[in-house]
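Predicted, not measured: the structure shown is a model, and the values here were computed from it. All values below come from the heavy atoms of this structure, side chains included, with hydrogens, waters and symmetry mates left out. By convention in this document, chain letters (A, B, ...) are assigned in the order of the sequence lines, proteins followed by strands, and residues within each chain are numbered from 1.
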Protein chains: 2
Amino acid sequence: MSAERLEVWASLATLLERLPTALDAQLQRDSGLTHFEHGVLYALDSAPERTLRLSTLAGYASSTLSRLSRAITRLEAKGWVHRIIDPADGRFTLAVLTNEGHVKVTQSTPGHHALVDRLVFDALTASQIRQLGVISRSISEAIDTAPVWTPPSAKVDPPTL
Amino acid sequence: MSAERLEVWASLATLLERLPTALDAQLQRDSGLTHFEHGVLYALDSAPERTLRLSTLAGYASSTLSRLSRAITRLEAKGWVHRIIDPADGRFTLAVLTNEGHVKVTQSTPGHHALVDRLVFDALTASQIRQLGVISRSISEAIDTAPVWTPPSAKVDPPTL
DNA sequence: ATCAATCACTTGCCTAGGCAAGTAACCGTA
DNA sequence: TACGGTTACTTGCCTAGGCAAGTGATTGAT
């Protein structure tokens, strides 16, 4: 790997450590939420009927179902969300934002967005902001394309490609 | 927050979830290392005498001393690192990469860098790569400048709604 | 209609890591 | 030289989350 790429990678890797830490610290301190939990509440608040299937929500949050299930359990214990079985298909579980949950997101989002503004957008030019969107999407797509990298030695069947 | 910023933020937040997950998965599977542990070994391998003070290393890794201390304990148990008390000042602890540790980094780095190449650099133009470096550093600097942001009226929400 | 897959979670077990309370080494002051 | 303060970790306790083995609901083939 070239020296220039190494340096860019070092700066990105640093960002990957520090930004989540900074966001979690603010949300935890001001609202008692992790960044992940806030994202879940925010997604539900934006959804029709304030309701989403867990599997859909897991996709939005780039999360495993296991992690989401535990997060929903915590949010349910706080009274911000409740589960119902999908009447259309009993295998699905729907997460529904309660009124208290709606109040919670409404209160916690401004402070969170203010920090994102300060840390991310205030630090960048309009053109860099646009580029950041393009770059982030490109990398995410590359991850989707090669979700699990298979080493030369370990050849598993590549059926659905 | 404007719709455009929301969209950029969504794409960055997605990246912050997915890229570390992808990197950890590859390193764990191929080398039995977390991304963090690999970073520690790599930093030691690059250091003079393959030796660094824990506090210096914590800075490089954007980590708490607590997290680093536990990681060093794990790496020591594997025989890749050992601790010595700094002869110049007994408060400092030096982490030293063993020969086995050097072999370990040498073996694990190519696969890791190949994935970084594939996920990050292959997805971007030369100009985007340069911009990514500038953008990452700008955001990291903003985090340093405002490590803990205090909202105008820091209200903790009441115990139970 | 039956029963074997499959799907959508859920949960037990285990590790990583945060916070805060230690502990040991060193420094500054008197 | 004594000793309180600071520095550099270390560790006990607790929560988050990964993996893999369940569980219940539904679908599909016979």
Contact under 4.0 Å: Arg83(B) side-chain N or O vs dC9(D) OP1/OP2: no
Residues pairing under salt bridge (charged side-chain N to carboxylate O under 4.0 Å, His left out) where one sits in residues 95-115 of chain B, two or more places apart or in two chains, turn out to be none
Between Thr109(A) and His38(A), do the side chains contain a donor N or O and an acceptor N or O under 3.5 Å apart? yes
For Ala43(A) against Leu52(A), the heavy-atom pair lying closest together: O-CD1, 4.0 Å
d(CD1, Ile72(B); C1', dA8(D)) in whole Å: 14 Å
Round to a whole Å and report the spacing from CZ of Arg74(A) to P of dT11(C). 14 Å
Separation of Glu17(A) atom CD from dA16(C) atom P, in whole Å? 15 Å
Leu68(B) atom CG is separated from dT7(D) atom P, nearest whole Å, by 19 Å
Look for any protein N or O under 3.5 Å of an N or O in nucleotides 18-20 of chain D and output each such pair with its distance, or none.
{"residue": "dG18(D)", "atom": "OP2", "partner": "Thr64(A)", "partner atom": "OG1", "Å": "2.8"}
{"residue": "dG18(D)", "atom": "O6", "partner": "Arg70(A)", "partner atom": "NH2", "Å": "2.6"}
{"residue": "dC19(D)", "atom": "N4", "partner": "Ser66(A)", "partner atom": "OG", "Å": "3.2"}
{"residue": "dC19(D)", "atom": "N4", "partner": "Arg70(A)", "partner atom": "NH2", "Å": "3.4"}

Out of dA16(C), dG17(D), dT10(C), which nucleotide sits closest to the side chain of Phe36(A)? dG17(D)
Of the candidates dA8(C), dA16(C), dT11(D), the side chain of Phe92(A) sits closest to dA8(C)
Compare side-chain N and O positions of Thr93(A) against OP1 and OP2 of dC9(C) and report whether any pair is under 4.0 Å apart. yes
Ser62(A) and Arg18(B): side chain donor to acceptor below 3.5 Å: yes
Report the distance from atom CG of Leu33(A) to atom P of dT15(D), rounded to the nearest whole Å. 16 Å
Please work out which residues in residues 49-58 of chain B have a non-hydrogen atom less than 4.0 Å from an atom of DNA chain D and list them by number. Leu54(B), Ser55(B)
What is the distance, rounded to the nearest whole Å, between atom CD1 of Ile85(A) and atom C1' of dC9(C)? 9 Å
Can a side-chain donor-acceptor contact be found between Thr73(B) and Arg83(B) if the only test is distance below 3.5 angstrom? yes
So, are Arg5(B) and Asp117(A) salt-bridged, with charged N and O less than 4.0 Å apart? yes
Can you figure out which of dT11(D), dA16(C), dT10(C) approaches the side chain of Glu37(B) most closely? dA16(C)
Scan side-chain atoms only and decide if Asp24(B) and Gln28(B) contain a donor-acceptor pair under the 3.5 Å cut-off. no
Would you sort out whether Lys78(A) and Leu75(A) count as a side-chain contact (heavy atoms from CB on, under 4.5 Å), showing the intermediate values? CA-CA 5 Å; Lys78(A) 297 280 193 174; Leu75(A) 296 172; 5.5 Å; no
Measure from the side-chain N and O atoms of Gln128(A) to the backbone N and O of Thr125(A), and report whether any donor-acceptor pair falls under 3.5 Å. yes
Would you say Met1(B) and Ile139(B) are hydrophobically clustered, going by side-chain heavy atoms of ILVMFWY under 4.5 Å? yes
Separation of dC9(D) atom P from Leu65(B) atom CG, nearest Å, is 5 Å
For a quick test of your reading: what N or O donor-acceptor pairs under 3.5 Å do the side chains of residues 6-17 of chain A make, sequence neighbours left out?
{"residue": "Ser11(A)", "atom": "OG", "partner": "Val8(A)", "partner atom": "O", "Å": "2.7"}
{"residue": "Thr14(A)", "atom": "OG1", "partner": "Ala10(A)", "partner atom": "O", "Å": "2.8"}
{"residue": "Glu17(A)", "atom": "OE1", "partner": "Arg67(B)", "partner atom": "NH1", "Å": "3.0"}

Please name all residues satisfying ring pair (Phe, Tyr, Trp, His ring centres under 6.0 Å) with His113(A), sequence neighbours left out, ordered by chain then number. Tyr42(A)
Write out a two-atom table: protein N or O, nucleotide N or O from nucleotides 22-26 of chain D, distance below 3.5 Å.
{"residue": "dA25(D)", "atom": "O3'", "partner": "Gly90(A)", "partner atom": "N", "Å": "3.3"}
{"residue": "dT26(D)", "atom": "OP1", "partner": "Gly90(A)", "partner atom": "N", "Å": "2.9"}

Distance, rounded to the nearest Å, where Leu27(A) contributes CG and dA16(D) contributes P: 14 Å
